[in-house]
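By convention in this document, chain letters (A, B, ...) are assigned in the order of the sequence lines, proteins followed by strands, and residues within each chain are numbered from 1.
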Protein chains: 2
Amino acid sequence: MELDDRKKKILLAIIKTYLETGEPVGSRTISKIEGLSLSSATIRNEMADLVDMGYILQPHTSAGRIPSDKGYRFYVDQLMAEKEQEIEERERETDEMKGLLIEKADKMERLLKQVARSLSVNTNYAAMISAPRYNVNRLKFIQLSRMEERRIVAVIVVEGNMIKNQIIDIDEPIDDETLLKLNMLLNTTLNGMAIEDISLSIIAKMKRQAGDQAGIIAEVIDAVAESIKADEELEIYTSGANNIFKYPELADNQKASEIITAFEEKKQLTDLVYETLSHSDEKGIQVYIGEESPVENMKDCSVVTATYELDEGIHGTIGIIGPKRMNYDKVLSTIKKLTTELDTMFKKTQT
Amino acid sequence: MELDDRKKKILLAIIKTYLETGEPVGSRTISKIEGLSLSSATIRNEMADLVDMGYILQPHTSAGRIPSDKGYRFYVDQLMAEKEQEIEERERETDEMKGLLIEKADKMERLLKQVARSLSVNTNYAAMISAPRYNVNRLKFIQLSRMEERRIVAVIVVEGNMIKNQIIDIDEPIDDETLLKLNMLLNTTLNGMAIEDISLSIIAKMKRQAGDQAGIIAEVIDAVAESIKADEELEIYTSGANNIFKYPELADNQKASEIITAFEEKKQLTDLVYETLSHSDEKGIQVYIGEESPVENMKDCSVVTATYELDEGIHGTIGIIGPKRMNYDKVLSTIKKLTTELDTMFKKTQT
DNA sequence: GTTAGCACTCAACTCATTAGAGTGCTAACA
DNA sequence: TGTTAGCACTCTAATGAGTTGAGTGCTAAC
């Protein structure tokens, strides 16, 4: 069977109505509302076909129809195509871009929290945002300073001005000269290198170059190397998890508990972020409907994610989690608006 | 009316039974179970008195009784007194202390997460732990290094080896000599000082001592001072928020939403921590029952908090949030066990 | 291909009934 | 005077019958 034009129209009408009301949609409702002007009987026939084709479902024999995952997928694809056009058209009217009220915050952390909050408040769904991540982490600066007699503090700055610290306890005191030499050695060897490229052989080479006090120096180099390699946990900020209680289909104990767990433990959100980043080449925004979700605990939700770019090669992810019966239209434009806002904000003011 | 011995016994019996079953307790149940050997009629009379005195409640005329906040309070006080004794007795048998399986983690953050997790898994309630906080923050070490021509990175170490970083952009280049002087100046002036004691006059004095290049130096000093003063947000780790869904009295949308919000936004948990720390002089563990809770969103829960000591003057808070019908006995001993475990762990291995 | 019409289905609601747990009170007892 | 047996009473929760109404599927006519 084929999804002809009339079927499409009816399907979209069903989904839109369902999104508004949250109740199964009957044939009469459609026959009245539509510009199609078909009788309810005709609609019924078409609906039966749509059920066969898997676009809609019947909770029970005498109820109306609700969209299936496949139905939502059709709707969302349709919507995304429309958006695409719209965006292109609106490209010129650059104003009205600041509806979301994000104040430039001094601290990245605060900014991200604010963004998450703004998202959840504006959409009434749960929201998350991951701190920006560098595709390639290049070392920019390393500095060792003696803090106490047998304690060194290492400061490691990577591109994008992310700073790592490490306190190193050493077995025997180190003299100023050695420390200076060590600083030189580390900086000349490692600066500009991508963290991924720092291999054991490079570390070994440095140790060899160290010469006489090889003992302490090796110790320190190892500690620094370890600290550099230790990858930070991906920081994720969430907001509005409680919004899920607004949607009865998610608010029963079982499901709510799963979603809340995902939000609290962050592990699953981290997976979601990586999934999104790995697809980010395609098109900015991704929509996962129900079973499509890469995250187990969100199989009953829809998840909308997008990548924002802070600078060349520095990306983060934002996400909205809500019921399948989500206002996709609004969510898509909110996310779109937000990512552009973030992009332009960062392009202007690098911190 | 007075709470005589028999009333006490009956009250405790009611509460214990209720904690086990979660159902209103009737007079017959008590008359059968007890060693008191009183008829249900007598129990009924006593129960009526207990209702008058506010220790128990009747959900409706023909139902059994459930404890009121006041009743729980009585029970908990009783229990705490017992515990006190037990602890003193057990002081000698030092073994069996390691039931909770906390592995010494390299990173404080990981350790804390683990503790929270352990708590929530062991008790089946929601758990939180705050990162240790220093009552007095003494500066230990300050180091400025030039990273790029007009960019300095400041490393500030406070007692307990907490490290703050700050990147400072300066208007004009700074030469090595000035930088060295500045480092000396900052360290000699500020080292050992409590952050709270760093006043504007001290900052002004440093600026005066700076001499010639007052411009840049003032700039840097201000940035450092600001960074020192900027107080970190209190870090709080939570685990097992989803446990609340196991208790029907907390699992309805309204209440669950409130509790989840408190856990997500952390603000209220922060308040809870400060509240606890401010009372920590009294006795280790505090129990807030229902309305007693310092946190608005937890008026339907019981909250058990305790302070752990990492070192002289360095405290953190752990907390358990569950239904009023909580297994106080278990929670109290779990927390007790955990705090001692943490205390001894830190006493041994300072990081 | 479309539509009117009708019999049928099913969830959701209402209402009455019942069962059972538990109470409060009274009168008798030790 | 405190304790107890006994009984009438109360109230929730569970059950089941009956009703309503939205919506379907199918057939026959247009």
Practice task
Go through D:dT4, D:dG23, D:dG25 for me and flag the one nearest to the A:Gln58 side chain.
Solution key: D:dG25
Handout entry: Whichever of A:Thr42 and B:Arg28 has its nearest DNA chain C nucleotide further upstream toward 5'
Key = A:Thr42
Exercise for the section: Check every strand shown and say whether A:Ala63 touches a base, only sugar-phosphate, or nothing at a heavy-atom separation below 4.0 Å. Expected result: sugar-phosphate
Practice task
Go ahead and write out DNA chain D as dot-bracket, 5' to 3': ( ) for pairs within the strand, [ ] for ones crossing earlier pairs, | when the partner sits on another strand, dots for unpaired; Watson-Crick or G-U wobble, both distances under 3.5 Å.
Solution key: ||||||||||||||||||||||||||||||
Exercise for the section: For B:Tyr18 and C:dA21, give me the distance from atom OH to atom P, rounded to whole Å. Expected result: 19 Å
Handout entry: Nearest-Å distance for atom pair CG/C1', residues A:Leu38 and C:dT3
Key = 10 Å
Handout entry: Greater than 12 external heavy atoms within 6.0 Å of A:Arg73's CZ
Key = yes
Exercise for the section: Quick one: sort the B:Tyr75 and B:Tyr328 rings into parallel, tilted or perpendicular, breaks at 30° and 60°. Expected result: perpendicular
Exercise for the section: Would you confirm whether A:Asn243, through its side chain, and A:Tyr125, through its main-chain N or O, come within 3.5 Å as a donor-acceptor pair? Expected result: yes
Practice task
On DNA chain D, check which nucleotide each of B:Ala41 and B:Thr61 is closest to and give me the residue with the more 5' one.
Solution key: B:Ala41
Practice task
Please work out if B:Ser27 contacts a base, only the sugar-phosphate, or nothing of the nucleic acid, heavy-atom cut-off 4.0 Å.
Solution key: sugar-phosphate
Problem - Spacing between A:Glu23 atom CD and D:dA22 atom P, to the nearest angstrom - result: 12 Å
Practice task
Would you indicate which nucleotide in D:dT10, D:dG23, D:dA5 comes nearest to any side-chain atom of A:Ser62?
Solution key: D:dG23
Practice task
Provide, to the nearest angstrom, the distance between the NE2 atom belonging to B:His60 and the C1' atom belonging to C:dA21.
Solution key: 9 Å
Fill in the blank from the handout: note: A:Ile66, atom CD1; C:dA11, atom P; distance rounded to Å ~ 14 Å
Exercise for the section: State whether A:Asp300 and A:Lys324 are salt-bridged, where the test is any N-O pair (Lys NZ or Arg NE/NH1/NH2 against Asp/Glu carboxylate O) under 4.0 Å. Expected result: no
Problem - Base of C:dG5 paired with side chain of A:Arg44 (donor-acceptor, under 3.5 Å) - result: yes
Exercise for the section: Measure from the side chain of A:Met47, starting at C-beta and using heavy atoms only, and say which of C:dT9, D:dT24, D:dA5 lies closest. Expected result: D:dT24
Handout entry: Side-chain ion pair, B:Glu291 and B:Lys70, N-O less than 4.0 Å
Key = no
Practice task
Check the pair A:Phe263, A:Gln268 against side-chain contact (heavy atoms from CB on, under 4.5 Å), reporting the backbone distance first and the verdict last.
Solution key: CA-CA 8 Å; A:Phe263 264 73; A:Gln268 301 199 42; over 6 Å; no
Practice task
Provide, to the nearest angstrom, the distance between the CG atom belonging to A:Asp5 and the P atom belonging to C:dG1.
Solution key: 16 Å
Practice task
Provide, to the nearest angstrom, the distance between the CD1 atom belonging to B:Ile43 and the P atom belonging to D:dA5.
Solution key: 12 Å
Practice task
Look only at the side chain of A:Lys83 and the backbone of A:Lys336, and say whether a donor-acceptor pair between them is shorter than 3.5 Å.
Solution key: no
Problem - Whole-Å distance separating the CZ atom of B:Arg6 from the C1' atom of D:dG2 - result: 8 Å
Exercise for the section: Select one nucleotide: of C:dA4, D:dT4, D:dG25, the one nearest the side-chain heavy atoms of A:Ser39. Expected result: C:dA4
Handout entry: D:dT24 OP1/OP2 closer than 4.0 Å to side-chain N/O of A:Arg65
Key = yes
Exercise for the section: Could you tell me whether A:Lys267 atom NZ has more than 12 heavy atoms of other residues or ligands within 6.0 Å of it? Expected result: no
